[in-house]
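Working notes for the structure below.
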Amino acid sequence: PDSILFFRMGDFYEMFGRDAEVASKILEITLTTRGSGQGNVPLAGIPYHAAEPYLVKLLKAGHRVAICEQVEDPKTSKGIVKREVVQVVTPGTVSQSVLLNEKENNYLVGISGDQETLGLASVDITTGEFRVTQLNSDRRFACLAQELSSLKPPECIISSSLAEDREIKKALTGLRSSVRIMEDWNFESSFAYNKLLEHFNVRSLKGFGCDDKPQAIAAAGAVLAYLEDTQKTHLTQITRLHSYDLSRFMALDKATQSNLELTHNAQDNSRRNTLIEALDSTRTAMGARLLSQWLLHPLREKGSLESRHQAVAELHDDLLMRGKIQDRLNKVFDLERLLGRLGRVASASARDLAAFRESFKIVPEIVGILEKTQSFNLKIIKDKLFEHLDLVAEISLLISKAIVDNPPLGVREGKIIRSGYSDTLDELKAFSADGKNWVARLENQERERTGIKSLKVKFNRVFGYFLEVTTTNLSLVPDNYIRKQTMANCERYITPELKEKESLILGAEEKINNLEYELFQQVRERVISQTAVFQEVAHCLALIDVYASLAQTAKENNYCQPVIVDNGVLKITNGRHPVIEKTVKNEEFVPNNTFLDNDENRLLIITGPNMAGKSTWLRQVALIVLMAQIGSFVPAEAVEMSIVDRVFTRVGASDNLAMGESTFMVEMNETANILNNATADSLIILDEIGRGTSTFDGISIAWAIAEYIYNKNKIGAKTLFATHFFEMTELATIYSGIKNYNVAVREWRDEIIFLRKIIEGSADRSYGIQVGRLAGLPREVITRAKEILKNLEEKNYTKEGKASFAGPPPVVESNFQLSLFSPLISHPVVDEIREIDPNNLTPLEAINLIHDW
Ligand code: ADP
Ligand code: MG
């Protein structure tokens, strides 16, 4: 009821009434009216063959579109042609490829919940991935928010009673997700349970590992019900439900994901200069999507991580093997989405089958290349693929025999099936060819018989075959020609024999097209009957693709294999920032060491001027840990690290203006989230927290936060804390596990040079004024700032933390007139004047000095 209805009428989709009014504005198409008597109906239409761009626009504008097709053949039906809504296109259920990014999943998410538990189900109907999890702990809302920001679903469905929950609303904010509220019964557990049993055709859900998770089931069932409602077809690509536990993964909350620019950058939300872009050398869309899933779900289990590292290492060292594999993967199409498309009668084409055939050719080759692999994970892939080789070969052969090399996009106009596949088809084709030959011969025959040199045999859709004679030759037309049509300078005729052949030819062609369609459908059915197996094959290929990609990136960028230890240490030797090391243009990236543990080096305070490289270092430490925990090699010379359960990254308010809300409030919200969720195994990155408020407030809050995190009875997490409050460096003198670091700079005359080296100890000055000068502030402003700084350094702050009186600006008469007697002025000449004793100068000495100055 709340969708815009595309109502198929001939070659158009028409929209009526309110739909037409709304859509015509969004689509910029003409609004007309139709009807008589009881008032006019607004009407707007779009051509059906060019509907996709319009559909996209409507979806982007937040609408859903119900597509109503003619479901009878207009030629054979009586009266008004029967129509049905065949699909409702919504943001989370689009399958049109123009609307999809091939490197990203497109999830529909369902959320259910009661007093203690939340259920979350996600489905990507284009690939068939269907997952579910249940969240039980006190942290369930934080987990939900975090998982939602990893999945980035374009659409969420949620029960009406849950929709009112404050925590849920909070978790959904800022997601850019279209939220659909559904009545509670959709989430009722027995309804949901039965939906799932029915779809998977099973007796219980034990096999999916979620039999005892009622909220997970409720969410999954509601998602399925919604899919049935909108897709109007059985989704063959959804072959299994995968139940997972979020505690297996490193937690990355939304702020951390965006601060670290993992999959989207902060400037334009694209992939440019993100970690995924730096890591992604995959050859298939399936691999690219899997890599992005890994990136947002780093592992926490040592064994699985080491197996991943081992697989990457093998492909890293064995260039030849990796080269061969990637060469084969280049030829693989997006099998997951192909299976999705093939599952739907209306969208499947013979090209999809041909793409399958091409992709499958390389499967035995991959198995061969992996023959001697030593890595546990690659062996598993090889064995899985080996297990399915027979079926893969059988289907490849079937498609090869049945489908021509380059089939057309349409499936109703023939030219799909290879000759030799079906005797009946070949007979029909021979028959039609005979007829066509007869017609072809007819032209010459009739020219000779009648003596009309210009006589032609032609064909058009309205009259079928006919003989055409120019007006000058009309006298030569024989008796058996029957006149059909008179044109400007010719006449068109038919003969009974010609019409007889014509009906044979056309009849045969229609039969051919129908038969080809039928045979195509049979092959398609055969392929999708094995969807589950082929999904497994596709997943294996995606996995190898990801390993090979990580290996390639590691090799090209000189990464090292991280060593996982259990002693709480994080030791990075000459670490680099994987993205910035590629983007620094005029200078070489300077690598830095990092040492953190659970005792003496628990919390590091980093000070140093703006632009020195503090934020870069902080982020690179977080990124290295995260990369290691997805199984990747890391940008460093050597890394020894203990597994981290959560990474938190917070950036001080004024560094992050894009948010819109009161920035200090956002900063404090996010910090509260850390203090409530971090553990001793977490890694916390705080970048200039507390700068969104007055100095004294800021220092006090920053100080208290640092103490709380440092306290082993509260959190005790490994922490890097960059700050511009020098007062914070005193923490190191009070607590044994807090250390000061700063970024080395060299002063040269009145300028600073950034050395980009992180060294122990606190910075002595912030060089803010020098940085201001580098940035091109006018000289007057710099001079005045120095005066004020000096005054402040002497008088400090008022009780409220406000800058105390800085003295009036000197009266400036001309541009750079210095006042000789102001004690504030600092200038080499002024300083020298202060030093000398005029009473002991000879007149000549005085004159010489003045000359120098
Ligand atoms: P801060 O946080 O101290 O103000 P940033 O970390 O934002 O400084 O760094 C400022 C710029 O300095 C970066 O954008 C980058 O271009 C450059 N930079 C930072 N660290 C390094 C490094 N280790 N080697 C080379 N250039 C660096
Ligand atoms: Mg910074």
Side-chain angles (χ1 to χ4, degrees), residues 255-256 258-261 265-267 272-275 277-278 557-559 572-595 604-624 634-637 639 648-659 663 667 670-671 684-692 698 702 719-726 728-729 740-747 751-777:
T256 302
S258 60
N259 289 335
L260 291 179
E261 300 185 297
N265 70 24
Q267 283 97 53
R272 214 163 40 85
N273 294 342
T274 59
L275 180 61
E277 193 198 48
N557 298 288
N558 217 359
Y559 292 177
I572 300 172
T573 313
N574 283 331
R576 284 130 39 211
H577 189 298
V579 177
I580 300 201
E581 76 165 329
K582 294 187 167 187
T583 56
V584 280
K585 295 255 156 56
N586 302 323
E587 45 181 334
E588 287 276 298
F589 192 88
V590 178
N592 273 302
N593 296 338
T594 307
F595 188 83
L604 312 185
I605 304 271
I606 302 96
T607 45
N610 276 312
M611 285 298 290
K614 301 183 296 297
S615 302
T616 306
W617 184 53
L618 260 52
R619 285 182 172 82
Q620 100 190 13
V621 172
L623 288 173
I624 285 174
V634 290
E637 236 167 68
V639 168
F648 294 95
T649 314
R650 289 303 178 275
V651 178
S654 37
D655 258 17
N656 195 353
L657 289 171
M659 315 277 298
T663 46
E667 182 184 323
E670 292 184 349
T671 312
I684 303 179
I685 303 291
L686 297 173
D687 196 352
E688 311 220 359
I689 288 298
R691 76 192 214 173
T719 305
L720 299 179
F721 197 149
T723 179
H724 60 296
F725 299 129
F726 288 100
M728 298 272 295
T729 57
N740 282 323
Y741 281 82
N742 73 94
V743 198
V745 291
R746 179 166 297 152
E747 270 182 277
E751 290 186 22
I752 45 167
I753 297 167
F754 300 119
L755 299 181
R756 314 278 185 221
K757 261 295 172 208
I758 307 287
I759 50 177
E760 269 213 73
S762 57
D764 43 357
R765 291 170 58 194
S766 79
Y767 300 96
I769 294 174
Q770 282 89 336
V771 174
R773 203 172 71 178
L774 275 184
L777 290 183

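Any value given below was found using the heavy atoms of this structure, including those in side chains, with hydrogens, waters and symmetry copies removed. For ligands, and for the atoms within them, numbers begin at 1 and follow the listed sequence.
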Requested in this report: Have a look at T616, I758, V743 and point out the one with the heavy atom closest to atom 9 (O) of ligand 1.
Outcome: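 It is T616 whose heavy atom sits nearest to atom 9 (O) of ligand 1.
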**Report entry** Nearest option to atom 27 (C) of ligand 1, as decided by whichever heavy atom of E588, E688, R756 sits closest
**Finding:**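 Among E588, E688, R756, the closest heavy atom to atom 27 (C) of ligand 1 belongs to R756.
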Evaluate [X] for polar contact with ligand 1, using N/O atom pairs at a separation under 3.5 Å.
{"X": "I580", "result": "no"}
{"X": "V584", "result": "no"}
{"X": "N592", "result": "no"}
{"X": "F589", "result": "no"}

Query raised in the report: For V634, what residues pass the side-chain contact (heavy atoms from CB on, under 4.5 Å) criterion, not counting sequence neighbours?
Result: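 Only C560, P562, I624, M627, A628, V639 meet the side-chain contact (heavy atoms from CB on, under 4.5 Å) criterion with V634.
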Requested in this report: List for me each residue that meets side-chain contact (heavy atoms from CB on, under 4.5 Å) alongside A255, sequence neighbours excluded, and say none if there are none.
Outcome: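 Testing A255 for side-chain contact (heavy atoms from CB on, under 4.5 Å), a comparison that skips the adjacent residues, returns D253, N259, R650, E670.
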**Report entry** L618 side, atom CG; I606 side, atom CD1 - distance, nearest 0.5 Å
**Finding:**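 Those atoms lie 5.0 Å apart.
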Requested in this report: Quick one: pull up CG in L720 and CD1 in I684 and give me the separation to the nearest 0.5 Å.
Outcome: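 Separation between the atoms: 10.0 Å.
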Query raised in the report: N/O/S of N610 less than 2.8 Å from the Mg ion (ligand 2)?
Result: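 Not a single backbone or side-chain N, O or S atom of N610 is under 2.8 Å from the Mg ion (ligand 2).
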Report task. Check the side chains of S615 and D687 for a donor-acceptor pair under 3.5 angstrom, ignoring hydrogens and angles. Result ->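 Yes - a donor-acceptor pair under 3.5 Å links their side chains.
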Query - Contact with ligand 1 for G608, non-hydrogen, under 4.0 angstrom - result: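 G608: no contact with ligand 1 (<4.0 Å).
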[X] neighbourhood, listing ligand 1 atoms whose heavy-atom distance to it stays under 4.0 Å:
{"X": "N610", "answer": "4 (O)"}
{"X": "G613", "answer": "1 (P), 3 (O), 5 (P), 6 (O), 8 (O), 9 (O), 19 (C), 20 (N)"}
{"X": "P609", "answer": "3 (O)"}

Side chain [X], main chain [Y], donor-acceptor under 3.5 Å:
{"X": "T256", "Y": "T649", "value": "yes"}
{"X": "K614", "Y": "P609", "value": "yes"}
{"X": "K757", "Y": "P591", "value": "yes"}

